[in-house]
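Below is one structure, written out as structure tokens; comments come after it.
This is a predicted model, so every value here is computed, not measured. In the text below, chain A, chain B and the rest are named by the order of the sequence lines, each starting its count at 1.
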Amino acid sequence: MENTYSLKNPDNKKALYEGLKAGVPIGLGYFAVSFSLGIAAANGGIGPVGGAVSSLLCLASAGGYAGFMVISTLGTYFEMVLMMFIANIRYVLMSCALSQRVDPDLPFVHRFFMGYLVTDEIFAAQVAREGTLNPIFSYGCGIVAAPLWSFGTALGCIAGQLMPIRLVSAFSVALYGMFLACIIPPARKSRVVFGLVAVSFILSYICSVAPVISSLSAGIRTVILTVVICSAAAILFPRKEEDNES
Amino acid sequence: MSHNQVIYIAIMAIVTLAIKILPLTLIRKQIKNQFIQSFLYYVPYVTLAVMTFPAIMEATQSPLAGILALVVGLVAAWFNAGLFPVAVICCVVVFVSEFFLI
């Protein structure tokens with residue numbers, strides 16, 4: 001039993017190799033985005049070491065960005081907890097989905113590291129595979145992608161301060177580009193998601209200029225808007241079992 | 001007082017890791033509640049949309065450059081350009097347009 005996930009097993013060697021291969025494009029994408037994340041971290045007064053450590057621990061783009069936003073606006077610790085919860089809540093869904101796809105007897109340590117490696121892209125690479133998921137494949141992805149992610153953040157922290165402001169300005173939208181690439185293709189396929197994205201843009205803009213609400217921090221506004229819009233959507237457009245594609 | 005960076009980062013890590021790891025280690029059955037299922041399904045799209053706009057206008061030197069990046073990024077993403085290409089396209093739009101806007 002102990003050797004089930006040993007690399008002496010040729011199946012695991014193959015899974016590792018496939019994971020490493022899938023990790024390369026993911027890692028390159030992360031690298032560019034994490035660079036932009038590093039710039040956001042530097043704006044919050046975080047140095048390269050702090051940026052690299054937080055990226056390596058969290059391995060979450062929107063979450064990392066939201067966290068640095070809380071730090072740069074000097075939000076409270078409670079705000080940070082709330083913000084991390086809401087920015088990362090989609091991972092609950094992914095982690096749940098993975099729990100249905102692994103060997104029921106998969107030991108805790110593998111579940112732990114598979115959970116750590118849950119990100120939009122690694123998750124996508126995992127669920128695209130057939131049958132029971134092998135944690136070794138995820139490790140392959142992670143070995144390539146996680147260091148690039150962490151290194152990119154550190155580099156962004158440093159270079160963000162050295163680069164001409166024109167370049168910083170350009171790089172700082174990389175993250176938003178990635179967000180768009182995550183939400184728009186599903187919006188094209190689903191009218192409900194399309195409507196939600198449009199409503200989110202509009203309400204988010206209104207809340208940023210409306211009296212009272214605009215004086216709240218951006219982090220809290222994000223949390224409130226997400227909870228309100230998603231609750232309304234879940235009531236108005238409940239999802240049927242069969243629409244549960246990831 | 002409540003602005004210690006190490007604590008901030010520790011909170012980020014603990015909450016993020018708990019969210020990612022706990023379901024996979026604890027939950028072994030399918031979530032049945034339709035409201036929770038639907039709510040969780042919509043969360044990523046709404047959070048990311050809310051965080052993108054109007055923040056993208058404030059990230060650039062010229063707000064108009066941010067709007068241009070948003071529009072071009074929306075079009076590129078609509079045609080499934082992929083994560084990395086859309087990110088790069090947005091950067092290029094800002095870089096080029098700010099030569100004219102500033």
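- Between Pro238(A) and Phe35(B), every side-chain heavy-atom pair lies at or beyond the 4.5 Å cut-off.
- Counting only heavy atoms from C-beta outward, the side chains of Tyr8(B) and Ile71(A) approach each other to under 4.5 Å.
- Within the model, atoms CD1 of Ile56(B) and CZ of Phe179(A) stand 10.0 Å from one another, a figure rounded to the nearest 0.5 Å.
- Using a 4.5 Å cut-off between heavy atoms, Pro104(A) contacts chain B through its backbone alone, with no side-chain atom that close.
- With Phe39(B) as the aromatic partner, Arg239(A) does not meet the cation-pi criteria of under 6.0 angstrom to the ring centre and within 45 degrees of the ring axis.
- Judged by distance alone, the side chain of Ser95(A) and the main-chain N or O of Leu24(B) form a donor-acceptor pair under 3.5 Å.
- Both the backbone and the side chain of Val197(A) come within contact range of chain B, judged by heavy atoms closer than 4.5 Å.
- Proximity to chain B is absent for every atom of Val199(A), based on heavy atoms less than 4.5 angstrom apart.
- With a 4.5 angstrom heavy-atom cutoff, Leu203(A) does not touch chain B via any of its atoms.
- Residue Val92(A) comes nearest to Ile19(B) through the heavy atom pair CG2-CG2, 3.6 Å, listed as atom of the first residue, atom of the second, then distance.
- Here Leu59(A) is the residue among Val102(A), Leu59(A), Leu106(A), Ile202(A) with the most heavy-atom pairs under 4.5 Å with chain B.
- In this structure, the separation between OH on Tyr176(A) and OG1 on Thr60(B) is 9.0 Å, given to the nearest 0.5 Å.
- Using a 4.5 Å cut-off between heavy atoms, Phe78(A) does not touch chain B at all.
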side-chain contact (heavy atoms from CB on, under 4.5 Å) evaluation trace for Leu74(B) with Phe201(A): CA-CA 12 Å; Leu74(B) 279 171; Phe201(A) 277 171; 4.3 Å; yes

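- Of all heavy-atom pairs spanning Ala181(A) and Ala77(B), the tightest one is CA-CB, 3.9 Å.
- In this structure, chain A has a heavy atom under 4.5 Å from the side chain of Leu17(B), while its backbone stays farther away.
- In this structure, CG in Leu82(A) is found 11.5 Å from CD1 in Ile11(B), a value given to the nearest 0.5 Å.
- Checking side-chain atoms of Tyr45(B) against main-chain N and O of Ser200(A) turns up no donor-acceptor pair under 3.5 Å.
- Atom OG1 in Thr52(B) sits 8.5 Å away from atom OH in Tyr65(A) (nearest 0.5 Å).
- Ranked by heavy-atom pairs shorter than 4.5 Å toward chain A, the options Ser97(B), Cys90(B), Gly66(B) are led by Cys90(B).
- More than 12 heavy-atom neighbours from other residues, nucleotides or ligands sit within 6.0 angstrom of CD1 on Ile67(B).
- Separation of atoms CZ (Phe113(A)) and CD1 (Ile21(B)) is listed at 8.0 Å; rounding is to 0.5 Å.
- Contact between Phe95(B) and Arg166(A) at its shortest, heavy atoms only, is CD1-O, 4.1 Å.
- When the candidates Ala40(A), Gly177(A), Ala170(A) are compared by the number of heavy-atom contacts under 4.5 Å with chain B, Ala170(A) comes out ahead.
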Trace of the side-chain contact (heavy atoms from CB on, under 4.5 Å) decision for Arg188(A) with Asn80(B): CA-CA 10 Å; Arg188(A) 185 179 167 170; Asn80(B) 295 312; 4.1 Å; yes

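- Both the backbone and the side chain of Ala59(B) come within less than 4.5 Å of a heavy atom of chain A.
- Closest approach of Gln5(B) to Gly44(A), counting heavy atoms only: NE2-O, 4.0 Å.
- No more than 12 heavy atoms of other residues, nucleotides or ligands sit less than 6.0 Å from atom CZ of Phe85(A).
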Test side-chain contact (heavy atoms from CB on, under 4.5 Å) applied to Thr47(B) and Thr222(A), step by step: CA-CA 7 Å; Thr47(B) 318; Thr222(A) 304; 4.1 Å; yes

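- Ile9(B) CD1 to Phe68(A) CZ: the interatomic distance, rounded to the nearest 0.5 Å, is 6.5 Å.
- By the 4.5 Å heavy-atom criterion applied to side chains, Thr226(A) and Val43(B) are counted as neighbours.
- Side-chain contact check for Met57(B) versus Tyr205(A): some heavy-atom pair is nearer than 4.5 Å.
- Formation of a donor-acceptor pair under 3.5 Å by the Ser204(A) side chain with backbone atoms of Phe53(B) is found in this model.
- For Phe237(A), the parts sitting under 4.5 Å from any heavy atom of chain B are the backbone and the side chain alike.
- Annotation: side chain of Cys58(A) is in contact with side chain of Met12(B) (closest heavy-atom distance under 4.5 Å).
- Between chain B and the residues Ile46(A), Val227(A), Asn43(A), Leu225(A), the largest count of heavy-atom pairs under 4.5 Å involves Ile46(A).
- Ser208(A) touches chain B through its side chain: at least one heavy atom from C-beta onward sits under 4.5 Å away, while N, CA, C and O do not.
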Audit row: Tyr42(B), Val192(A), side-chain contact (heavy atoms from CB on, under 4.5 Å) steps and yes/no: CA-CA 9 Å; Tyr42(B) 291 130; Val192(A) 176; 3.5 Å; yes

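- Between Leu57(A) and Thr16(B) the shortest side-chain heavy-atom distance does not fall below 4.5 Å.
- Among the candidates Ser54(A), Ala198(A), Ala60(A), the residue making the largest number of heavy-atom pairs closer than 4.5 Å to chain B is Ser54(A).
- Between Leu180(A) and Leu70(B) the shortest side-chain heavy-atom distance falls below 4.5 Å.
- Contact record, Thr119(A) with Lys20(B): CG2-NZ, 4.2 Å, taken as the closest heavy-atom pair.
- Contact check for Pro23(B) versus Tyr91(A): no side-chain heavy atoms found under the 4.5 Å cut-off.
- Both the backbone and the side chain of Ala55(B) come within less than 4.5 Å of a heavy atom of chain A.
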